[in-house]
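The structure appears right after this line, and notes come after that.
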Amino acid sequence: MKKPWGGRFEKDTDAMVERFTESVSFDTRLYKEDIRGSIAHAEMLARAGLIAETELAAICQGLLEIEGEIEAGEFEFQVSLEDVHMNIEAALISRTGDAGRKLHTARSRNDQVAADVRMWCRAAVDETVDLLTDCQRALVEKAVEYRDLIVPGFTHMQHAQPVLLAHVLLAYVEMLARDRDRLADCRRRLNVSPLGACAMAGTALPTDPESTADALGFDAVFANSIDAVSDRDFVIELVADMSLVAMHLSRLAEEWLIWAALEFNFLDLDEAFCTGSSIMPQKKNADVLELIRGKCGRVYGDLVSLLTMFKGLPLAYNRDMQEDKVALFDAVDTVRDSLAIAAALVRTAAFKTDNIARACVAGHMDATALADYLVGRGVPFREAHGIVGRAVRTAAAQGAQLQELSLDELRSFSDEIGEDVYGVLGAQNCVESYRSHGSSAPALVAARLEEWQTRLAED
Ligand code: ARG
């Protein structure tokens, strides 16, 4: 088949080259953006007097028919036509003749693909933000369901201080809020139209890039035609943002895997979200969480592949850039799937409150509260730290918790300790004693929870 660019060639393209250089096996996903972009471009050409109104009508009708065929699965994409852009254009020409042949006036695939990818990324951002919001809602719903449940808080994977489960879940809500914010910021920078830059230098023809930008919902037009066709910062930025989302989900997955392990036994995952073993009949595995964690690596891989792909590229468009879509689509798909399944898994999970309550009794998590109690009685903190450390050592040797020591035993470590000390020891008392900003103080957690409920109801 004669290539659209076949004019200066005598020979046919080698079949191996066709296979090596094609992108139609992955870029057909851009067909909607491509058709929208072409319609906006054709409308601009008509306004500029570069094509006739009848030609515009034929182009628009042809493109919409092609879109219908693609959607019905009736369109035959051909590898010999390289990419989605040339496949659609060739189909348009075979339908409309000269009108179709005029569509590519004052346009290059270089500005065309950049525009398509920007529009695709814009929609991907919007969908991902919605999925993030839903994941936040799932976490908030769980926090409400277990609003009074106290869990061990960990540092270094060791019992640290008791906190409300709601406080832990809201920590993830805050993370995902930053992800949403980053994506909104990324959207602002990517929503700039490159159309009109043509191959790299612009054109001698009387085009109107403002109007195509406007028609396609872009907020601004490129400033430099060379930058417009060579910039893929927005792809890298989006995949970097996706990497952070994946990292956040991976951390949640890791935490929940630990909580679901028999040694912790804090968490009961819904059977519909677990899988079994082909040999061990008793197994109920949390493979979904493991894959959320594992797929994060894949998204990082996409980011590194993009960064590497672009690091040595001179201006302007280079064919290397075609590979950007492989990484972009993979990262976006992976994160979207992970978000959707994470939200469903969170919604269906149950916490084992008895086991958690037992765990809250262990590990001397009230030691810091006892030190604060001594500080309240004028003991310098470092001295209080030492006193409590000795008390913990004694309690641990007896296999007891601090609150199980008698007042006399406790007073042997410091005269400042009084009967009221039992009002600060124990997980419940500890949590109720918190009052500092952003802490796990029940009133503060309840207020933040309510704030999130209101915000997420509006989003
Ligand atoms: N398939 C190409 C890509 O995805 C489209 C642009 C090709 N431009 C060119 N001059 N060969 O980047």
Side-chain angles (χ1 to χ4, degrees), residues 25-27 29-30 117 120-121 123-139 142 157 168-169 171-183 186-187 232 234-261 264 267 269-278 283-310 323-349:
S25 55
F26 52 87
D27 69 11
R29 294 178 67 159
L30 296 175
V117 176
W120 191 90
C121 286
V125 164
D126 294 344
E127 279 170 50
T128 309
V129 167
D130 286 347
L131 287 165
L132 280 163
T133 309
D134 190 53
C135 221
Q136 288 181 303
R137 285 194 189 111
L139 289 159
K142 251 326 113 171
M157 278 292 289
V168 177
L169 297 177
Y172 289 102
V173 173
E174 304 291 342
M175 280 181 226
L176 302 186
R178 289 194 295 277
D179 291 331
R180 287 175 53 185
D181 196 45
R182 254 187 295 274
L183 284 169
C186 172
R187 191 190 198 281
R232 293 291 184 277
F234 62 97
V235 173
I236 300 175
E237 208 179 323
L238 176 53
V239 175
D241 292 353
M242 290 293 178
S243 300
L244 286 173
V245 177
M247 184 261 277
H248 291 153
L249 293 181
S250 181
R251 293 185 70 170
L252 174 80
E254 170 71 4
E255 184 153 272
W256 282 36
L257 277 162
I258 292 167
W259 287 3
F264 271 73
L267 192 60
L269 297 172
D270 193 280
E271 275 189 13
F273 287 84
C274 293
T275 50
S277 156
S278 56
K283 294 287 296 219
K284 180 184 160 199
N285 292 332
D287 294 26
V288 169
L289 290 171
E290 289 173 337
L291 281 166
I292 289 175
R293 188 177 60 187
K295 283 170 192 275
C296 174
R298 202 166 134 173
V299 180
Y300 289 2
D302 292 326
L303 176 62
V304 172
S305 104
L306 284 164
L307 287 167
T308 311
M309 202 180 292
F310 281 86
E323 292 288 312
D324 65 348
K325 286 168 281 299
V326 179
L328 168 66
F329 295 158
D330 185 65
V332 171
D333 288 347
T334 305
V335 169
R336 284 200 293 218
D337 287 353
S338 297
L339 278 169
I341 206 159
L345 183 138
V346 166
R347 284 201 169 95
T348 53

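Everything quoted here is computed from the prediction, not taken from an experiment. Residues: numbered from 1 along the sequence shown.
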What distance do [X] atom [atom1] and [Y] atom [atom2] have between them, rounded to the nearest 0.5 Å?
{"X": "T128", "Y": "L339", "atom1": "OG1", "atom2": "CG", "answer": "7.0 Å"}
{"X": "M242", "Y": "I236", "atom1": "CE", "atom2": "CD1", "answer": "14.5 Å"}
{"X": "L289", "Y": "L267", "atom1": "CG", "atom2": "CG", "answer": "8.0 Å"}
{"X": "L249", "Y": "M175", "atom1": "CG", "atom2": "CE", "answer": "9.5 Å"}
{"X": "H248", "Y": "C296", "atom1": "NE2", "atom2": "SG", "answer": "10.0 Å"}
{"X": "T334", "Y": "I292", "atom1": "OG1", "atom2": "CD1", "answer": "12.0 Å"}

Please walk me through it: do F310 and V235 pass side chain to side chain contact (heavy atoms under 4.5 Å, CB included)? CA-CA 11 Å; F310 281 86; V235 173; over 6 Å; no
For the pair [X] and [Y], find out whether any cationic side-chain nitrogen is under 4.0 Å from an anionic carboxylate oxygen.
{"X": "R187", "Y": "D126", "value": "yes"}
{"X": "D27", "Y": "K325", "value": "no"}
{"X": "D179", "Y": "R182", "value": "yes"}

For the student: nearest non-hydrogen atoms of [X] and [Y], plus distance:
{"X": "R347", "Y": "K142", "result": "O-NZ, 3.1 Å"}
{"X": "N285", "Y": "G276", "result": "ND2-O, 4.0 Å"}
{"X": "A327", "Y": "S305", "result": "CB-OG, 4.0 Å"}
{"X": "A349", "Y": "W256", "result": "CB-CZ3, 3.7 Å"}
{"X": "C186", "Y": "E237", "result": "CA-OE2, 3.7 Å"}
{"X": "S338", "Y": "K295", "result": "OG-CD, 4.3 Å"}

Say whether, by atom type as modelled, one donor and one acceptor occur between the side chain of D287 and the main chain of T275 under 3.5 angstrom. no
Is a side-chain N or O of S250 found less than 3.5 angstrom from the main chain of A246, in a donor-acceptor match? no
Is the count of non-hydrogen atoms from other residues, nucleotides or ligands lying under 6.0 Å from K284 atom NZ greater than 12? yes
Heavy-atom count around R251 CZ within 6.0 Å, excluding the residue itself: above 12? no
Validation row: [X], [Y] side chains within 4.5 angstrom (heavy atoms):
{"X": "R232", "Y": "L328", "answer": "no"}
{"X": "M157", "Y": "I258", "answer": "yes"}
{"X": "L183", "Y": "L132", "answer": "yes"}
{"X": "I341", "Y": "F273", "answer": "yes"}
{"X": "L139", "Y": "L176", "answer": "yes"}

Tell me, with the steps shown, if V346 and L252 meet side chain to side chain contact (heavy atoms under 4.5 Å, CB included). CA-CA 10 Å; V346 166; L252 174 80; 4.3 Å; yes
Would you sort out whether R336 and D333 count as a salt bridge (charged side-chain N to carboxylate O under 4.0 Å, His left out), showing the intermediate values? CA-CA 5 Å; R336 284 200 293 218; D333 288 347; 3.6 Å; yes
Within 45° of the ring axis of F329 and under 6.0 Å from its six-membered ring centre, is that where the NZ or CZ of R29 lies? yes
